[in-house]
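What follows is a single structure, written as structure tokens, with notes after it.
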Amino acid sequence: VQLQASGGGLVQAGNSLRLSCAASGGPLQSFIMGWFRQAPGKEREFVAAVSRNGARNDYADFVKGRFTISRDNAKNTVDLQMNSLKPEDTGVYYCAAVRTASTYTTGTRLPSQYGFWGQGTQVTVSS
């Protein structure tokens with residue numbers, strides 16, 4: 001499956017952005033979907049994940065209450081709604097997929113466990 005992330009940009013702190021990840025080459029419904037980010041000079045870190053059926057979500061503590069992950073298996077898309085953005089949210093955001101047999105699990109937070117990655121979209125939050 002190929003993933004294409006979009007929706008990044010430059011925003012002021014406190015504002016919102018919505019990232020989208022579109023999949024091709026296979027049905028997303030077979031995959032746990034995750035969003036990760038990487039700031040300059042830092043390792044890639046987990047942001048959020050959603051189970052295959054969309055019923056369960058997992059969020060990093062630093063985005064809880066501000067970000068929402070959602071998926072539409074019919075459209076083969078996964079979105080990340082980011083509200084109340086902070087300068088420390090700046091980075092390249094990647095969508096990723098890991099195939100699983102489980103419908104309800106959100107899986108691992110480890111980037112190494114995800115087998116498919118999009119190209120990344122830049123998010124810059126100014127103070």
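- Taking the six-membered ring where tryptophan is involved, the planes of W117 and Y94 are perpendicular, since the angle between them exceeds 60° and thus also 30°.
- Without hydrogens or angle criteria, T106 side chain to N57 main chain gives no donor-acceptor distance under 3.5 Å.
- Side chains of Q81 and N83: a donor on one and an acceptor on the other come within 3.5 Å.
- Placement of V11 and L80 within a single hydrophobic cluster is found when ILVMFWY residues are connected by side-chain heavy-atom separations under 4.5 Å, directly or transitively.
- Here the straight-line distance linking atom CG of N53 with atom CZ of R71 works out to 8.0 Å at 0.5 Å rounding.
- The same ILVMFWY cluster, assembled from side-chain heavy atoms under 4.5 Å apart, contains both V78 and F31.
- Heavy atoms only, all atoms of each residue included: A49 and I32 are closest at CB-CG2, 4.4 Å.
- Nearest heavy atom pair, residue R109 against residue Y59, reads NH2-O, 3.0 Å.
- A donor-acceptor contact closer than 3.5 angstrom is absent between the side chains of R52 and Q29.
- Note on F62 and L17: same hydrophobic cluster, where clusters join Ile, Leu, Val, Met, Phe, Trp and Tyr whose side-chain heavy atoms are under 4.5 Å apart, directly or indirectly.
- L19 and F116 fall within the same hydrophobic cluster, where Ile, Leu, Val, Met, Phe, Trp and Tyr residues are linked whenever their side-chain heavy atoms come under 4.5 Å apart, directly or through other members.
- Taking each heavy atom of S127 and A13 in turn, the nearest pair found is CA-CB, 4.4 Å.
- The minimum heavy-atom distance linking A5 with C95 is given by the pair CB-SG, 4.1 Å.
- When all heavy atoms are compared, the tightest approach of A23 to L3 is CB-CD2, 3.8 Å.
- For the side chain to side chain contact (heavy atoms under 4.5 Å, CB included) test with W35, the passing option among I69, V63, V50, D79 is I69; the others fail.
- Taking CZ from R99 and CD from Q113, the interatomic distance works out to 15.0 Å, rounded to the nearest 0.5 Å.
- Distance OG/S70 to CE/M33: 11.5 Å, rounded to 0.5 Å.
- Aromatic ring orientation, F36 versus F46: perpendicular (interplanar angle above 60°, classes split at 30° and 60°).
- The CZ atom of R66 sits 6.5 Å away from atom CG of L85, with the distance rounded to the nearest 0.5 Å.
- Nearest heavy atoms, G107 versus T105: N-OG1, 3.0 Å.
- By the rule that hydrophobic residues join a cluster once side-chain heavy atoms approach within less than 4.5 Å of another member, V1 and Y114 end up as members of separate clusters.
- Inspection of the Q4 and S6 side chains reveals no N or O donor paired with an N or O acceptor under 3.5 Å.
- Rounded to the nearest 0.5 angstrom, E88 CD and R37 CZ are separated by 8.0 Å.
- Considering CG of L10 and OG1 of T124, their distance stands at 6.0 Å, rounded to 0.5 Å.
- No more than 12 heavy-atom neighbours from other residues, nucleotides or ligands sit within 6.0 angstrom of CZ on R56.
- Look at K64 and D61 and you find a salt bridge, because one of the NZ, NE, NH1 or NH2 atoms lies within 4.0 Å of a carboxylate O, short of that distance.
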